Amino acid sequence: MELSREAIVEGMQEILGAENVDTDEQLLQQRSIDNFRKLENIFGVYTLPPPAAIAHVGSTEEVAAVLAFAEQHGINVVPRTGGTATEGGLETHVPNSIVLDGGRMNEIIGVDAYNMQATAQCGVPLQELEDRARAVGLTTGHSPQSKPVAHMGGLVATRSIGQFSTLYGGIEDMVVGLEAVFPGGQVTRIKNVPRRAAGPDIRHVVIGNEGALCFITEVTVKLFPYLPENNLFLGWTLKSMKTGFEALREVMVAGYKPSVARLYDPGDGGIHFSHFAGEDDCVLLFMAEGAAGIARATAEGIDEIVARYPECVKVDSGLIEAWFNDLVWDASKITAEDERIRRTRNVNRTTEISGDWSSINDIYEAAIERIRNEIPDLTILGGHSSHSYINGTNMYFNYFYDLVDCGPEEEVTKYYLPIISIICEETLRHGGSIVHHHGIGKARAPWVKDEYGSSYPILETLKHAFDPSGIMNRGTIIPG
Ligand SMILES: Cc1cc2nc3c(=O)[nH]c(=O)nc-3n(C[C@H](O)[C@H](O)[C@H](O)COP(=O)(O)OP(=O)(O)OC[C@H]3O[C@@H](n4cnc5c(N)ncnc54)[C@H](O)[C@@H]3O)c2cc1C
């Protein structure tokens, strides 16, 4: 029999103690969404059923006990750590869900400078782990813009990626081992070894599961030497994205590993570079880092390659360095952006996809053209590539619109989802992936079958095998 809201709260209080169970109505409403419906928080208008309780867990045993309770009573559980999700992964569509909050599991268990790895509980903000590593001359190499606010559990759960990915990779390249709890309360530890060939790599059942298979309690990630004194910055303006993609491709194919490799179109670049780039200019930029000889050779190699493109006009490296130093989003920047939206009703949204070198420019051009023609009230439309690989790159569409003739609660259906639809359709049409690094969440779940094609049954089988009662974050990744 389905438990009442009150019985769920009582159950959580018995397991965790009353002081670790939040039931404040306003907080519950705020926890019914994430940044996908951020206007609901900004304007205080909520449309989803609030969860029954926010359960603050302090240990793996408590996570196991909550998941056993949820499994026994068929209660939907929405895992949460930093709360910076952008794709609806934190939304509580199922009435009387439990928000399982790992934010208080915030201990850095160890920084092992000899074996070059660090272990942290799921609720450790990445910035704290990074600061601890830097204190001994090391870095995690992971630097998503949400670094000050996102936590290790969520970063692993979403397959996040940082600004230095072209050198260090995404989180999937950094995770050595981890601990997670599956529905029913089964605790799993995947040990820390440099590599193994003992069957499939089961880390990947957990990395990127978005809380739809299990709750991550602890992660171990690699560490690298931190040598910022060797950083070198390079930048050019140019007239076309097509040329920029060609130059980016050549750099990657030649085997150079800049930590940052970005290409901005005029729409997106105008937000950051109008003090040196013209209105129609694209901007191509790189950062080289690492041991001095490697950084120098990387910068020289990139310089040589880009010099082959007469369209590219070099800019002062100090301008690129200044831009770079202002890139990370802390809580105060997020609050200021929310305040700007409240004041102006002008909304900024983003969507990221990936494609190989043959298709990325076509995806970019087709999506931009359709958005421009089909979506009303746009004030800025553009994009940039920020994570490159030997076989392709990503595109991060960045767009702003004014809310015209609609309430903030209608923004998602009137503007945001129609734009996401166009981007997903054009990406799929050209053979790319509809999600590069923010996760599928609930927002892009309608396209997940098309994204996976004939491999979709593998995903469905994983869900049924690990979450047979369907209690884990219903509607996330797998459509509800
Ligand atoms: C300003 C801003 C900048 C951003 N920049 C980047 C960027 O540069 N790169 C990037 O990749 N992303 C970026 N993001 C997106 C977001 O920060 C990442 O998705 C991040 O990994 C989420 O971590 P979190 O701790 O906030 O997770 P949450 O928001 O709490 O959760 C995210 C998802 O993971 C699940 N989850 C959370 N914790 C756990 C757990 N312990 N076990 C299992 N599942 C869990 C949740 O259910 C949800 O589906 C940005 C977001 C914002 C708001």
Side-chain angles (χ1 to χ4, degrees), residues 31 33-36 38 41 51 54 57 60 63 67 76-92 97-106 120-127 142-165 170-172 178-183 205-219 260 262 327-338 348-352 384 386-387 394 396 398 435-445 466-467 472-477:
R31 292 293 183 267
I33 56 165
D34 58 32
N35 284 295
F36 185 67
K38 66 180 176 184
N41 257 340
I54 302 157
V57 280
T60 301
V63 174
L67 289 187
N76 184 53
V77 174
V78 179
R80 177 185 183 98
T81 50
T84 64
T86 56
E87 306 304 320
L90 298 177
E91 288 179 359
T92 57
S97 295
I98 295 171
V99 172
L100 182 53
D101 192 323
R104 293 183 190 168
M105 293 181 67
N106 55 7
Q121 284 188 309
C122 58
V124 171
L126 173 57
Q127 184 72 60
H142 201 40
S143 187
Q145 280 186 289
S146 51
K147 179 163 67 177
V149 271
H151 296 177
M152 294 310 291
L155 287 158
V156 173
T158 53
R159 291 185 84 87
S160 62
I161 204 164
Q163 295 151 100
F164 313 134
S165 69
I171 193 89
E172 69 276 15
L178 50 82
E179 182 191 76
V181 186
F182 282 81
V205 173
V206 177
I207 300 171
N209 89 83
E210 298 186 41
L213 298 178
C214 63
F215 189 91
I216 301 161
T217 45
E218 185 188 299
V219 298
V260 179
R262 290 197 178 203
L327 214 47
V328 161
W329 278 68
D330 60 11
S332 68
K333 241 189 192 178
I334 295 174
T335 309
E337 172 61 5
D338 288 355
N348 176 208
R349 295 298 206 167
T350 63
T351 305
E352 24 61 58
H384 66 260
S386 42
H387 307 278
N394 82 309
Y396 189 92
N398 193 8
V435 185
H436 178 264
H437 62 262
H438 281 167
I440 287 175
K442 296 179 182 79
R444 282 184 258 182
F466 290 111
D467 182 22
M472 295 302 286
N473 213 351
R474 203 171 309 156
T476 293
I477 302 183

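Atoms within each ligand, like the ligands themselves, are counted from 1 in listed order. Because the structure is predicted, anything quoted here is derived from the model rather than measured.
Scanning the protein for heavy atoms near atom 9 (N) of ligand 1, the closest one is I161 O, 2.7 Å. Shortest contact from atom 19 (O) of ligand 1 to any protein heavy atom: T158 OG1, 3.4 Å. Nearest protein neighbour of atom 45 (C) of ligand 1, counting heavy atoms only, is A157 CB, 3.5 Å. The closest protein non-hydrogen atom to atom 40 (C) of ligand 1 is I216 N, 3.7 Å. With hydrogens left out, the protein atom closest to atom 22 (C) of ligand 1 is T84 OG1, 3.3 Å, a heavy atom. Of the protein's heavy atoms, P79 O, 2.6 Å lies nearest to atom 47 (O) of ligand 1.
Remark: ligand 1 atoms within the under-4.0 Å shell around heavy atoms of T86 are 51 (C). Against a heavy-atom cut-off of under 4.0 Å, H151 is close to the following atoms of ligand 1: 24 (P), 25 (O). Atoms of ligand 1 found under 4.0 Å from any heavy atom of A85, numbered from 1 in the order shown, are 29 (O), 32 (C).
Between G82, G211, G162, it is G211 that holds the heavy atom closest to atom 44 (N) of ligand 1.
Contact annotation for L155 and ligand 1: heavy atoms of both the backbone and the side chain come within less than 4.0 Å of the ligand. Contact annotation: for N473 versus ligand 1, heavy atoms closer than 4.0 Å belong to the side chain alone. Under 4.0 Å from ligand 1, the heavy atoms of C214 that appear belong solely to its backbone. In F215, the parts holding a heavy atom less than 4.0 Å from any atom of ligand 1 are both the side chain and the backbone.
Under a 4.0 Å heavy-atom criterion, N35 is in contact with ligand 1. Ligand 1 is approached by G83 to a heavy-atom distance shorter than 4.0 Å.
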Take N398 and N348, measure what side-chain contact (heavy atoms from CB on, under 4.5 Å) needs, and give me the verdict at the end. CA-CA 7 Å; N398 193 8; N348 176 208; 2.8 Å; yes
Could you walk me through whether L126 and M152 pass the side-chain contact (heavy atoms from CB on, under 4.5 Å) check? CA-CA 6 Å; L126 173 57; M152 294 310 291; 3.8 Å; yes
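Note: an N/O pair closer than 3.5 Å links T81 and ligand 1 by distance alone. Between Q145 and ligand 1, at least one pair of N/O atoms sits closer than 3.5 Å. Any N or O atom pair closer than 3.5 Å counts here, and R159 shares no such pair with ligand 1. Not one N or O of I334 is nearer than 3.5 Å to an N or O of ligand 1, by distance alone.
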Report, one line per pair, each donor and acceptor closer than 3.5 Å where one atom sits in a side chain of residues 206-213; sequence neighbours left out.
from: N209; atom 1: OD1; to: G211; atom 2: N; distance (Å): 2.9
from: N209; atom 1: OD1; to: A212; atom 2: N; distance (Å): 3.1
from: N209; atom 1: OD1; to: L213; atom 2: N; distance (Å): 3.0
from: N209; atom 1: OD1; to: C214; atom 2: N; distance (Å): 3.3
from: N209; atom 1: ND2; to: V206; atom 2: O; distance (Å): 2.8
from: E210; atom 1: OE1; to: I440; atom 2: N; distance (Å): 3.3
from: E210; atom 1: OE1; to: G441; atom 2: N; distance (Å): 2.7
from: E210; atom 1: OE2; to: I440; atom 2: N; distance (Å): 2.7

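Here side-chain hydrogen bond (donor to acceptor under 3.5 Å, both in side chains) pairs that include residues 145-158, with residues two or more places apart or in two chains, are S143-K147.
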